Amino acid sequence: MDAVKTIPKADLQVNIGGLPLRNPVMTASGTFGYGREFENLVNLHRLGGIVVKGISIQPRPGNPPPRIVETSSGMLNAIGLENVGIERFLTEKVPYLKTLRTKVVVNILGDSLDEYAYLAEKLSGHEGIHALEVNISCPNVKKGGVAFGVDPEMAKAVTAAVKTATDLPVMIKLSPNVTDIASMAQAVEQGGADSVSLINTLIGMGIDTSSRRPKLANVIGGLSGPAIKPVALRMVWQVAQAVSIPIVGIGGIETAEDAIEFLLAGATAIQVGTANFYDPQATEKIITGLHQYLYEQKEICVRSIIGTIRLGSST
Amino acid sequence: MDAVKTIPKADLQVNIGGLPLRNPVMTASGTFGYGREFENLVNLHRLGGIVVKGISIQPRPGNPPPRIVETSSGMLNAIGLENVGIERFLTEKVPYLKTLRTKVVVNILGDSLDEYAYLAEKLSGHEGIHALEVNISCPNVKKGGVAFGVDPEMAKAVTAAVKTATDLPVMIKLSPNVTDIASMAQAVEQGGADSVSLINTLIGMGIDTSSRRPKLANVIGGLSGPAIKPVALRMVWQVAQAVSIPIVGIGGIETAEDAIEFLLAGATAIQVGTANFYDPQATEKIITGLHQYLYEQKEICVRSIIGTIRLGSST
Amino acid sequence: MPNFQEKALVQAHEQLAPDIFRLTVHSPQIAQASAPGQFVMIKSSNTSDPLLRRPFSIHDVTSGGMLHLLYKVIGKGTRCLQNLSPGEQTDLIGPLGHGFQFSVQEPACLLGGGMGIAPLLYLAKSLQNVSSPRQDHQILLGARTSVELAPLVDDFQQLGYTVQAATDDGSLGHHGFVSELLEEVLPSVRTVYVCGPHPLMAAIARQCQAADVPCQVSLETHMACGLGACLGCTIYAPDKSYRHVCKHGPVFDANEVLWTL
Amino acid sequence: MPNFQEKALVQAHEQLAPDIFRLTVHSPQIAQASAPGQFVMIKSSNTSDPLLRRPFSIHDVTSGGMLHLLYKVIGKGTRCLQNLSPGEQTDLIGPLGHGFQFSVQEPACLLGGGMGIAPLLYLAKSLQNVSSPRQDHQILLGARTSVELAPLVDDFQQLGYTVQAATDDGSLGHHGFVSELLEEVLPSVRTVYVCGPHPLMAAIARQCQAADVPCQVSLETHMACGLGACLGCTIYAPDKSYRHVCKHGPVFDANEVLWTL
Ligand SMILES: Cc1cc2nc3c(=O)[nH]c(=O)nc-3n(C[C@H](O)[C@H](O)[C@H](O)COP(=O)(O)OP(=O)(O)OC[C@H]3O[C@@H](n4cnc5c(N)ncnc54)[C@H](O)[C@@H]3O)c2cc1C
Ligand SMILES: Cc1cc2nc3c(=O)[nH]c(=O)nc-3n(C[C@H](O)[C@H](O)[C@H](O)COP(=O)(O)OP(=O)(O)OC[C@H]3O[C@@H](n4cnc5c(N)ncnc54)[C@H](O)[C@@H]3O)c2cc1C
Ligand SMILES: Cc1cc2nc3c(=O)[nH]c(=O)nc-3n(C[C@H](O)[C@H](O)[C@H](O)COP(=O)(O)O)c2cc1C
Ligand SMILES: Cc1cc2nc3c(=O)[nH]c(=O)nc-3n(C[C@H](O)[C@H](O)[C@H](O)COP(=O)(O)O)c2cc1C
Ligand code: FES
Ligand code: FES
C-alpha cells in the first residue's frame with residue numbers, strides 16, 4: 001500500500017485521435033451525469049476525461065419507470081436517453097465543466113444524419129468542449145427505426161456527416177449488438193472517425209414472474225457492468241486488429257486490472273461506466289493502479305503497453 | 001417449504017416439435033457430459049431431457065489448456081468441442097443413456113453440410129436417441145471458417161441437410177453473436193427446423209495482466225452463466241415473435257424463477273447449462289419450483305403460461 | 001449539499017424481529033451532515049453480485065458520529081448485510097436527497113408502515129426544536145405483526161410521544177391498516193409526514209388532500225447511484241413529467257406525485 | 001466411484017498463519033468414502049460471484065464424519081470461505097478424482113510444498129496400514145516461512161514421523177527449496193509422493209526419473225465441475241494427448257505427465 005505512494009510516477013499521457021489526455025481514464029456517457037454529480041466524491045481534475053450524458057437537440061424526458069434492474073454482476077437500463085437538450089447543456093452545464101482541468105467529451109445522439117450534424121456544429125468552438133463521442137446505437141427514424149450502429153453504411157454516413165460539421169476530434173461509439181464488430185469499426189474509420197469507443201450496452205431483458213410483466217417499462221434495455229466485460233474485451237481486441245485509429249475500451253471496467261486488460265488488447269484509453277455508481281472512486285483507483293502496474297512491469301510510459309498482448313504458445 | 005411437497009402436481013408435459021417431454025427442464029450440451037457423470041448427484045429419470053456433449057464424426061481432442069476461466073457471474077470456455085466421436089458415442093454412451101427414463105437429445109457439430117448430414121443419418125433409428133440438436137456455431141471450413149450460425153443462408157442450408165438425413169425431431173441451436181437473431185430463427189424455420197434452441201455462448205475473452213497472455217490458450221472463448229441471462233431472455237422473446245416453431249430457452253438459467261422468465265417470454269422448454277457445474281441439483285429444484293409457481297398462479301398446466309408475458313402499461 | 005463516501009465500522013447489529021435488523025455504524029461525516037428523510041447508499045458486498053449499492057433511510061443519528069439504519073431482509077443485498085459483525089467495515093455514501101421539510105403548521109402526524117417507520121424516528125427526534133409539545137403530535141405506526149412493531153413503538157415512546165399502533169394480525173394495537181387510524185386524528189393535526197408502502201402512501205395522500213392537510217411522503221424506487229447521475233429513479237409528477245427520487249426526493253409533497261393506484 | 005453432494009456444518013475454522021486456514025466440516029458421507037489424494041468441490045458463496053465451486057484436497061478425515069481442508073487465501077473464492085463460522089453450512093461435492101496409489105515399494109518419501117502439503121497429511125495417516133515403520137518414511141515439507149510451516153510439521157510429528165522442513169527465508173529447517181532435501185534422501189526411498197507448485201513437481205519428477213524411483217504427483221488445474229463433465233481441466237500427457245485432472249487425476253504417475261518447464 002505504501003509502495004503505491006512512493007513509486008515513481010509513469011507517463012500516462014495518451015492521444016485519442018487528436019484529443020490529448022493526461023491519462024487514459026475517462027468516465028462513460030450516462031454514468032457520470034454532467035460531472036458535477038460526483039464533485040464531492042471524486043477529484044474530477046485527476047481524470048483523463050469526462051464523457052457527459054448523451055445530448056440531443058431537444059430535451060428528452062426519457063422512458064417511463066421502472067428504468068433500471070439489477071442483474072447478476074450487471075444492470076439493465078432503459079433510461080431512454082433523458083437529457084436536458086443542447087441549449088440547456090450549453091448554458092447550464094458547460095460553465096461548470098469549463099472550470100475542470102480535465103477533457104470534456106460530449107456524447108451526442110440523433111435520429112437522422114441532419115440531427116447529428118446539427119449537434120456537432122453547435123457544440124464546436126466552445127471553451128470546455130474538447131471532443132465529441134457519437135452514440136450510433138440510436139434508431140434511424142428515416143430507415144424504419146433500425147439503429148445506425150448495426151449497419152456499416154449508415155454508421156459510415158453518420159460519421160461523415162459529423163466530421164463535416166465540426167473540427168473537434170470525433171469518436172464513434174460502437175454498438176456490440178452486431179455480428180461483425182470489426183467491419184463496423186472499419187466502416188466508421190472509412191467515414192473519417194478519429195477514434196472508436198466500444199462497447200455500448202448489450203441488449204437484454206428481465207421479467208417479473210409474479211406479475212408476468214417486463215422488469216423494465218421499455219421491455220428491453222441495455223446490459224452493463226462486470227457481466228459484459230469479457231464480451232467488450234473480445235470486441236476491442238478484434239477491432240484493434242482491424243483499424244488503425246485509436247480505440248477507447250468500455251464495458252465492465254472496475255479495477256486497474258480490468259483497465260490494463262483493455263490496454264493490452266489494444267485500447268489507447270478506457271471509460272469507466274457502471275462502476276461509478278457502486279464505486280465512485282473506481283477511476284482514481286485505476287489511475288493509481290496504472291502507475292503501480294507500469295512500475296512492476298518496468299515500463300515508464302503507458303503507451304508502451306498498448307496492444308502488447310502476447311499471443312502464441314506459452315511454453 | 002412443506003407446502004412444496006403437498007401442493008397438487010401440475011401437468012408439466014410439453015412437446016418440442018415432435019419431441020414429447022415429461023417436463024420442460026433439460027440439460028444443455030457440454031455441461032452435463034453424457035449424463036452418467038451426474039448419476040450420483042441428480043435423479044436423471046426426473047429430467048425432461050438430457051442434451052449430450054456435441055458429437056462429431058471423428059473424435060476431437062479439443063483445445064490446449066487453459067480451457068476455462070471464471071468471470072463475474074459467468075465463465076469462459078474454449079473446450080474446442082472435445083468429444084469421443086460418433087462411433088464411441090454409439091457403442092460406449094448410448095447403452096447407458098438407453099436405460100434412462102428421460103429423453104436424450106444428441107448435439108451434433110460438423111464443418112461442412114455433408115458432415116452434419118452424415119451425423120444425422122448415423123444417429124437415426126437408435127433406441128435411446130430421441131432428437132438431434134444442431135450446433136451451428138461451428139466454422140464452415142468451405143466458407144473460409146465463418147460460422148454457419150451467423151449467416152441465415154448457411155444456417156438454413158445446414159437445417160435442410162440435417163432434416164433430409166433424419167426422421168428425428170431436429171432442434172437448431174442458434175448463436176447469439178449476430179445482429180438479428182429473429183432472422184436467423186426464421187431462416188432455420190424455413191429450412192425445416194422442428195424447433196430452435198438458444199442461446200449458445202457469447203464470444204468473450206480475458207487477459208492475464210502479469211504475463212500479458214490471454215487467459216484461454218484459444219484466446220477467445222464462450223461466455224456462459226448468469227451473466228448472460230438478460231441477453232438470452234431478450235433473444236428468446238424476440239424469436240418468439242418471429243417464428244411459430246417451439247423455442248428452447250438457454251442461458252444462465254439457475255433457478256425456477258429464471259426458467260419461468262424464459263417460459264413467459266415464449267420458450268416451450270429450457271436447458272440448464274453452467275449451473276449444473278456449481279449446483280447439480282439446479283434442474284430438480286427447477287422442476288419442483290415450476291409446480292410451486294403454477295400452483296401459486298392458479299394454473300394447472302405449464303403450457304398455459306408459455307409466452308404469457310404481459311406487455312402494455314401496468315397502470 | 002455535501003455528501004461523503006465513508007468507510008464506516010459496524011458498532012452494533014441488533015436483530016429486532018426475524019427479518020428486521022438495526023445496524024449502527026460509526027460514520028461521523030455522514031452523521032453530522034444528515035437531516036431527517038435523507039438516505040445513504042450502502043455497499044452490501046465485496047464481489048460483483050450483488051453489484052449495486054442499496055438505499056436506506058437514515059433511521060437515527062446519535063452522539064459520537066453514530067448512524068443507525070433499520071432494515072428488513074428482502075433479497076440478496078439485505079441478506080449480505082445481515083452477515084456484518086461489529087468491527088467489520090461498511091462503505092456508505094451519504095447523506096443523499098432531500099429530506100422532510102419541517103412544517104410550521106402544527107401539530108404533526110407521523111405515520112409509518114413497515115420499514116417506512118425507519119426515517120420517522122430521526123424525524124420525531126428532530127421535531128423537538130419546533131413549538132408543540134411532543135404529546136400534541138400523533139405517531140401512527142403499522143406493521144404485519146407485534147414482534148415487528150413493538151421495539152419501534154418503544155423507541156418513539158422513549159422520546160415522549162404517544163404512539164398508536166396497528167397490526168395486520170391484531171397482535172398489537174388496532175387490528176387493521178394504519179391508514180384507518182388516521183381518520184380519527186386527521187381533524188386534529190395540521191401536517192402529515194408519511195413513509196411506507198406505495199399503496200399506503202397513496203391512500204394517505206388522498207385522505208390528506210380531501211381534508212386539505214399538507215402531506216409529505218417519502219418514496220422508494222430502484223436506484224443505481226443515488227447521486228442524480230444514472231437517471232434511473234424516476235416517478236411521475238401529476239403532469240406526467242418525471243421526477244428523480246434520489247435528487248428531488250425521496251421526500252415529496254404528496255401533491256407533487258402522480259398516484260397511480 | 002460414489003460421490004455425494006452434502007450440506008456440511010462447519011465444526012471448526014482455525015487460522016494457522018496470516019492467510020492459511022484449516023476448515024473442519026461435518027460431512028459423514030464424503031468423509032467415509034474418501035481416499036488420500038482425492039478432493040472436494042466447495043461452494044464459496046451463495047451469490048453468482050464467485051460463481052464456480054473451488055477444488056480442495058482432502059487434508060484429513062477424523063472420527064465422527066469430520067472432513068478437514070487446509071487452504072490458503074488467494075482470490076475471491078477463498079476470501080469468501082474465510083468468513084465461514086462454526087455452525088454455518090457449506091455445500092460440498094466429493095470425494096472426487098483418483099487419489100494416491102499405495103505403493104508396495106517402501107519406504108516412501110512424502111514431499112509437499114506450500115498448500116501441496118494438504119493431501120499428504122491424510123496420506124501419511126493412511127500409510128500406517130502398510131509394512132514399514134513410520135520412522136523409515138521420509139517427510140519433506142517446504143513453505144515460504146516458519147509460521148506457515150510449523151503447525152503442519154507438528155501434525156506429521158504427532159503421527160510419529162520424522163519431518164525435514166525447508167523454508168524460503170530459512171526461518172525453519174533448511175534455507176532453500178524443499179527439492180534440495182530430496183537429493184539426500186532419494187537413495188534411501190523406493191517411492192515418492194509429491195504435491196506442490198507445478199515447477200516444484202516438475203523438478204521432483206525429473207530427479208525421480210533420473211534415480212529411477214516411482215513418483216506420484218498431484219496436479220492442479222482450473223476446474224468448473226470436478227465431475228468429468230466440463231472437460232475444462234486438461235493437462236498434456238507425454239504424447240501430447242490430453243488428460244482430465246478431475247477424472248484421471250488429480251494424482252498421476254509423474255511419467256504420465258508432460259512437464260513443460
Ligand atoms: C430512499 C430509500 C430509502 C429506503 N429506506 C429503507 C429503510 O430504511 N429500510 C428498509 O428496510 N428499506 C429501505 N428501502 C428499501 C431498500 O432499499 C430495499 O429493501 C433494498 O434495496 C432491497 O435490497 P435486496 O438486495 O435485499 O432486495 P432485491 O429485491 O434482491 O434487490 C434487487 C434490486 O432491487 C432494488 N430494490 C428492491 N426493493 C427495493 C425497494 N423497496 N426500494 C428500492 N429499491 C429496491 C435493490 O436496491 C436492488 O437494486 C429504501 C429505499 C429507498 C429508495
Ligand atoms: C485438485 C485440487 C486440489 C487443491 N487442493 C488445494 C488445497 O488443499 N489447499 C489449497 O489452498 N488450494 C488447493 N487447490 C487450489 C485451490 O483450488 C485454489 O487456490 C482456489 O481455487 C483459489 O480460488 P480463489 O477464488 O481464492 O482464487 P482466484 O484466483 O480468484 O480464482 C479464480 C478461478 O481460478 C481458479 N484457481 C485459482 N487458482 C487455482 C489453482 N491453484 N488450482 C485450481 N484452480 C485455481 C479458481 O478455482 C477459480 O475458478 C487445489 C486445486 C486443485 C485443482
Ligand atoms: C444508466 C446508463 C445510462 C447510459 N447512457 C448512455 C448514453 O446516454 N449514451 C451512451 O453512449 N451510452 C450510455 N450508456 C452506456 C455506457 O456509456 C457504457 O457504454 C456501457 O454502460 C458499458 O460500460 P460499463 O459496463 O462500464 O457500464 C449508459 C449506461 C448506463 C448504465
Ligand atoms: C464447458 C461448456 C461446454 C459447452 N459445450 C457445448 C457443445 O459441445 N455444444 C453446444 O452446442 N453448446 C455447448 N455449450 C453451450 C451450452 O450448451 C449453453 O448453450 C451455454 O453455456 C449457455 O447456457 P448456460 O449459461 O446455462 O451455460 C457449452 C458450454 C459450456 C459452459
Ligand atoms: S438513483 Fe441514479 S439518478 Fe437517482
Ligand atoms: S473439472 Fe470439469 S471435467 Fe474436470
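Protein chains get the first letters and strands the later ones, always in sequence-line order, with residue 1 at the start of each. As a basis for the values below, the full set of heavy atoms in this structure was taken, side chains included, without hydrogen atoms, waters or symmetry mates. Just so you know, these numbers come straight off a predicted model, no measurement behind them.
- Residue A:L233 touches chain B through both its backbone and its side chain, counting heavy-atom pairs closer than 4.5 Å.
- By a heavy-atom distance cut of under 4.5 Å, B:E261, B:L264, B:A265 are the residues of residues 261-280 of chain B near chain A, going up by number.
- Atom CG of A:L174 sits about 4.5 Å away from atom CD1 of A:I181, to the nearest 0.5 Å.
- Interface residue A:S211: only backbone heavy atoms are found under 4.5 Å from chain B.
- Annotation for B:M154 and B:A147: closest pair CE-O, 3.3 Å, computed over non-hydrogen atoms.
- Interface remark: A:V219 contributes side-chain atoms only to the contact with chain B (heavy atom separation under 4.5 Å).
- Looking only at side-chain heavy atoms (C-beta outward), B:H291 and B:I7 come within less than 4.5 Å of each other.
- Proximity to chain B is limited to the side chain of A:T71, based on heavy atoms less than 4.5 angstrom apart.
- Nearest heavy-atom pair, B:V236 versus B:G249, reported as atom, atom and distance to 0.1 Å: CG2-CA, 4.0 Å.
- For B:L223, the part lying under 4.5 angstrom from a heavy atom of chain A is the side chain only.
- Of all residues in residues 182-189 of chain B, none places a non-hydrogen atom less than 4.5 angstrom from a non-hydrogen atom of chain A.
- Looking at A:S73 and B:S73, their side chains do bring a donor and an acceptor atom within 3.5 Å of each other.
- For B:T179 and A:T179, the side-chain atoms include at least one donor-acceptor pair closer than 3.5 Å.
- Residue A:I203 touches chain B through both its backbone and its side chain, counting heavy-atom pairs closer than 4.5 Å.
- Taking all atoms of both residues into account, the shortest heavy-atom contact from B:G252 to B:I228 is N-CG1, 4.2 Å.
- Salt bridge B:E254/B:K229: absent, no basic N to carboxylate O contact under 4.0 Å.
- Comparing A:Q238, A:Q297, A:E257 by how many heavy-atom pairs each has under 4.5 Å with chain B, the most go to A:Q297.
- With values rounded to the nearest 0.5 angstrom, A:C301 atom SG is found 7.5 Å from A:I306 atom CD1.
- Between the CD1 atom in A:I305 and the CG atom in A:L290 there is a gap of 6.5 Å [rounded to 0.5 Å].
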